[in-house]
Amino acid sequence: MKKLGEILIEKGKVEKTDIDRALILQKDNGQKIGKILLSLGYITEKDLVEALQEQTGVKAYFGENFPDVENIAKIEDLSYEFLKNKLIFPLKKTETTLEVIMDDPFDYETIASLETLLNLDIIAYLGVESEILDALKKLYGEEKAIDEGVLGEIDEDNIEQLKDLASEAPVIRLVNQMISKAVEMKASDIHVEPFEKVLRIRFRIDGVLHDVDNPPRSIAPAVISRIKIMSKLDIAEKRIPQDGRINLRVLGKEIDLRVSTVPTLHGESVVMRILDKGSIKLFDLGKLGFPPDTYKQFETLIKKPHGIILVTGPTGSGKTTTLYAVLNRLNSPEKKIITVEDPVEYQLEGVNQIHVNPQVGLTFASGLRTILRQDPDIILVGEIRDKETAEIAIQASLTGHLVLSTLHTNDACGAVTRLLDMGVEDYLISSTLIGVLAQRLVRVVCKKCRKKIRLKKEHLLDFGIDPEKFGELPEVYTAEGCKECNFTGYVGRIAIFELFMIDENVRKMILEKPDTPKLKAYAKKMGMRSLREDGFLKVIQGITTPEEVLRVTQEE
C-alpha cells in the first residue's frame with residue numbers, strides 16, 4: 001500500500017519537508033500522520049479523505065454525496081456523546097448490519113465494541129470530522145450538540161486560565177481549521193467578532209464579507225486568546241488595540257497573517273489579514289486588467305526617470321498590488337529601490353523596505369528624509385497623508401527620483417485637488433506630478449454558472465450612455481451561483497482603471513487652482529476613460545456583470 005504522505009506529495013498538497021516535520025511530531029504524540037498534517041493546517045479534511053480513499057479503496061462520504069440527515073433514523077442504543085467522541089455517524093441499519101461513516105474506519109477496537117454492543121456487522125466508510133459532527137448535531141438536536149460547557153466557566157480576567165484554555169486541543173483545532181478554511185476559500189480577511197449571544201466568524205472573499213460559522217459564545221475568550229498567543233500579543237491587555245503577525249504554513253503555502261485586535265462592547269474583535277507569500281509571483285503588471293491603450297500609457301509613465309506617480313482609491317481597491325507590480329517591473333540590478341510602508345505587506349526580493357514605526361519616530365516623512373540619503377533611483381511611499389510627506393516626496397522628485405505613492409481620493413483628477421487642500425504649493429504639484437491612476441476591484445463572474453442576458457436600456461442609462469446612440473444591445477453575463485463559487489456567482493477579482501495623464505495644458509491649469517470637475521472635463525476631452533467606462537468595457541467582454549461595476553463605482 002502506498003504511503004499517505006507520498007500520495008499527498010504527488011497531489012501537490014504538501015512538500016516533503018512538511019511530511020518530515022509531521023513525522024517528528026508523530027514520534028512525540030503517536031498520532032496518525034494525516035491527523036498531524038491536518039492539525040498543522042497543511043491540508044484540509046477533504047484533502048485527507050481523498051488521499052485515504054485513494055490509499056485504501058474505502059468508499060468515502062463527504063461534500064455533496066454526504067447523506068441527507070432527514071432520511072436517517074437514530075440508533076437508540078447509541079448515545080450522542082459516544083458517537084460524537086468516536087466521530088461516528090450511523091448511516092443505515094438492517095437486521096444483520098449497520099453502515100456507519102467514520103473519521104477513522106480503521107479503528108478496529110471501536111468497530112469491535114460496536115459489533116459486540118449491537119450484535120451487528122459494522123460496515124465502515126470514510127468521512128470528515130466536521131461533516132460528521134454537523135450531521136450528528138442535526139440528527140440529535142442542536143440543543144444537545146452545542147457543548148457550551150466543554151471548557152467550563154471562563155473567568156475572562158483570569159489570565160492563567162485563559163492561557164490554559166487557549167492551549168486546549170478543541171480550541172487549537174478550531175482556530176487552525178478556521179485559518180485553513182479561509183485560505184482554502186481564498187479569503188483575504190478573517191473577522192472574529194464577539195457579540196452578546198454569539199461569536200461571529202466571517203470571511204472577506206473577493207471584497208465581500210460572508211458568514212461562515214457561529215461557535216458557542218462561551219468559547220470566545222479562549223479562541224481570541226489563542227489567536228493573541230499565536231501572534232505574540234499581550235493576552236492580559238484588553239483595553240487598547242494591538243497589532244501582531246502570525247507566520248505559518250497552511251495547505252502547502254507560506255502564509256502571513258496580519259492580526260489586529262480592538263476592544264468592543266462584548267469583548268475583543270479580531271481581524272486577520274491573510275497575506276500569501278506565494279502570491280508575490282502574481283504581481284504582473286500585464287495581468288491586473290489594464291485595457292491595452294491604458295497599459296501602454298502607464299508603461300510610458302513608469303519608465304520616466306523622475307516625477308511623481310500616484311495611485312488612488314479607497315482601502316481595499318488594490319493600490320498596493322498595482323504599486324508592487326510596478327516595482328517588480330522596474331526592479332533590476334542597475335536600480336536601487338527603497339520603500340517606506342505601513343505596514344510592509346509583502347517582501348520584495350532586491351528591494352529595500354522600511355516599516356513605519358511612529359512610536360519611535362519613524363513616520364512616512366522621517367523615513368522619506370532618510371531614504372534620500374541612501375542614493376535611491378526609485379522611491380515608494382506607502383501613502384501621502386499630510387503636507388509634510390507630500391512636500392518631501394516632491395523634493396525627492398525634483399532631485400531626480402521616480403516617486404510612487406498612494407492617495408485616498410475617489411477619482412484620478414481629485415488627487416490634484418487633494419494635494420492643493422493639503423497646502424502643497426501649486427507650482428510644486430505642476431512641476432512634479434506626471435500621472436494619476438485611480439482604480440477599483442470588481443468581481444469576475446463565475447464561468448461555471450454565469451448566464452447570458454441581453455443588456456437592458458436601464459443599464460446603459462446607469463452607465464451614462466444614451467441608448468438611442470448605442471445601437472443594438474449586446475449580450476452580457478449575469479451572476480447565478482454554484483458550488484464552484486460558493487454560491488456567490490463570482491470567482492476572483494480584476495481591476496478597473498482611470499488614468500489621468502499630466503500634460504502641459506494640465507500643468508498650466510494646476511497653477512490656476514482648478515476644481516476637480518474642470519480637470520475631469522479636460523481629461524475626458526483628451527481621451528481619459530473613467531472607472532465606470534472601463535468597467536463597462538469589461539461587462540461587454542463578459543468579464544464581470546453590470547451590477548458589479550455599478551456597485552463599486554460612484555455616480556458620474
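Excluded from the calculations below are hydrogen atoms, water molecules and symmetry mates; all remaining heavy atoms, backbone and side chain alike, are included.
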(message) I need the minimum non-hydrogen distance between Asn410 and Leu531, along with the two atoms involved.
(response) O-CD1, 4.0 Å
(message) Ring centres under 6.0 Å, that's the criterion: do Phe536 and Phe463 meet it?
(response) yes
(request) With the side chain counted from C-beta on, respond yes when Asp534 and Thr294 share a heavy-atom pair under 4.5 Å apart, and no when they do not. (result) no
(message) Can you give me the closest heavy-atom contact between Thr417 and Pro514, atom names plus distance?
(response) OG1-O, 4.3 Å
(message) Looking at Lys11, I want to see if its NZ is surrounded by more than 12 non-hydrogen atoms of other residues, nucleotides or ligands under 6.0 Å.
(response) yes
(message) Between Glu458 and Lys456, does any side-chain N to carboxylate O distance fall below 4.0 Å?
(response) no
(message) Given Arg273, which partner from the list Asp243, Asp189, Asp256 fulfils the salt bridge (Lys or Arg N to Asp or Glu O under 4.0 Å) test?
(response) Asp189
(request) Answer yes or no: is there an ion pair linking Asp47 with Lys13, defined by an N-O contact shorter than 4.0 Å? (result) yes
(message) Between Glu512 and Lys518 (salt bridge meaning N to carboxylate O under 4.0 Å), is one present in this structure?
(response) yes
(request) For residues Ile179 and Val175, determine if any side-chain heavy atom of one lies less than 4.5 Å from a side-chain heavy atom of the other. (result) yes
(request) Measure the shortest side-chain to side-chain distance between Gln177 and Glu45 over non-hydrogen atoms and say whether it is less than 4.5 angstrom. (result) yes
(request) Return yes when atom CD of Glu349 has more than 12 non-hydrogen atoms of other residues, nucleotides or ligands closer than 6.0 Å, and no otherwise. (result) no
(request) Would you check if Cys446 and Cys482 make a side-chain contact, meaning some heavy-atom pair closer than 4.5 Å? (result) yes
